[in-house]
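None of the values given here were measured: they were computed from a predicted structure. Per chain, numbering begins at 1; letters A, B, ... match sequence-line order.
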Amino acid sequence: MPELPEVETVRRELAPWLTGRIVRRTRLAEAEPGPRYAGLERAEGQRIVAVNRRGKFLLLPLNGGDELIIHLGMTGVISCRDPRHHVRVVLDLSGRRHRRLYFRDPRRFGRFLVVPARDYRTLPTLHHMGPEPLEPSFTADHFHERLAGRRGPIKALLLSQRPVAGLGNIYVDEALWAARIHPLTPAGRLSRRKTAHLHQAVVAVLEASIAASGTTFHDYRTVEGERGTFFERLAAYGRDGEPCRRCGARLRKSVVAQRGTHHCPRCQRTPRPEGRRGKAS
DNA sequence: ACGGTGCCCTGGCCGC
DNA sequence: TGCGGCCAGGGCACCG
């Protein structure tokens, strides 16, 4: 499940390979339906200026004024070698070595499309996406403001990409565990102090995972075909029934925002129900 | 604007 | 072993 650390790992591998290359030709696997793989032919003849990342999206500006947008979804893999199965897109590139880029995506949750630069209206999530967690603009105070007034569970809000970019199901659970916050806590109820803890946890877990080339559960591979090694360091995700690494209590699995959710019932206290105060009763 | 629901898609896993 | 059924989940349309 590629989230920010996995996408950043891929970006670092793609940048030296793709920067400066010209897209000679694009090919789409037959019968691939619309919006997930749109406008590819627009890229033909254009040069890749850079390989950038925004949240979990890869953004490749092209010198003709368009932008190649790639999202790996759950199972997307970019490779310089022919994966043979489930190849959705092939790019022919200028240059001497590795002149083909393959996009493999068994479950078709990924995206691979070309739009006029900064035409984010075609992708709503990019439009309302919060700050990059590893840039200085992501501060604890700013984070607190973005959570203010929100009554939904903190987990659901983090998954929306609105308060901060790039978190998915794994790193949300990890960050909430590290900050000792229950996933159902109404986001706007987090104190400034708790929000600062969460802010710190988000940055720490993402940086640690990038240093380990990300987490491989099933499909994720780096461009070179390697697995990420952060899997072994996960403290919450996938550890239901196993002992908490802080207090030893058994971690629990539940469902929050339609996602499998892991937390420690002792370290991450259940929020008290709202209401029972003020004019409501 | 906000929060909640259901859908997409298919490899892999589980139970019988 | 074979088969049916179900789960995983990011983004997004849609609803109230």
Novice: Please tell me if Arg107(A) has a side-chain N or O lying less than 4.0 Å from either OP1 or OP2 of dA8(C).
Specialist: no
Novice: Does dG4(B) have its OP1 or OP2 closer than 4.0 Å to a side-chain nitrogen or oxygen of Gln258(A)?
Specialist: no
Novice: Suppose we screen for ring-ring contact (aromatic ring centres under 6.0 Å, His included). Which residues come up paired with Phe143(A), at least two apart in sequence or across chains?
Specialist: Phe138(A)
Novice: Looking at Lys155(A), does any N or O in its side chain come under 4.0 Å of the phosphate oxygens OP1/OP2 on dG4(B)?
Specialist: no
Novice: Please check if the distance between the ring centroids of Phe112(A) and Phe103(A) is under 6.0 Å.
Specialist: yes
Novice: Under the salt bridge (charged side-chain N to carboxylate O under 4.0 Å, His left out) definition, can you give me all pairs with a residue in residues 258-271 of chain A, not counting sequence neighbours?
Specialist: none
Novice: Please encode protein proximity along nucleotides 10-16 of chain C as a string of B, S and -, counting only heavy-atom distances under 4.0 Å.
Specialist: BBS----
Novice: So does Ile181(A) get a backbone contact from the side chain of Gln268(A), meaning a donor-acceptor N/O pair under 3.5 Å?
Specialist: yes
Novice: Compare side-chain N and O positions of Arg150(A) against OP1 and OP2 of dC2(B) and report whether any pair is under 4.0 Å apart.
Specialist: yes
Novice: Does Tyr237(A) place a side-chain N or O at less than 4.0 Å from the phosphate oxygens OP1/OP2 of dG9(C)?
Specialist: yes
Novice: What's the CG-P distance between Leu72(A) and dC9(B), to the nearest Å?
Specialist: 18 Å
Novice: Stepwise, does the side-chain contact (heavy atoms from CB on, under 4.5 Å) test hold for Arg100(A) with Leu91(A)?
Specialist: CA-CA 6 Å; Arg100(A) 284 209 175 124; Leu91(A) 301 187; over 6 Å; no
Novice: Tell me what Gly260(A) touches on the nucleic acid: a base, only sugar-phosphate, or nothing, going by heavy atoms under 4.0 Å.
Specialist: sugar-phosphate
Novice: Establish, from distance only, whether the side-chain atoms of Lys253(A) and Thr261(A) form a donor-acceptor pair under 3.5 Å.
Specialist: no
Novice: Tell me the interatomic distance from Arg162(A), atom CZ, to dA1(B), atom C1', rounded to whole angstroms.
Specialist: 9 Å
Novice: Would you say a side-chain N or O of His85(A) is under 4.0 Å from OP1 or OP2 of dG11(B)?
Specialist: no
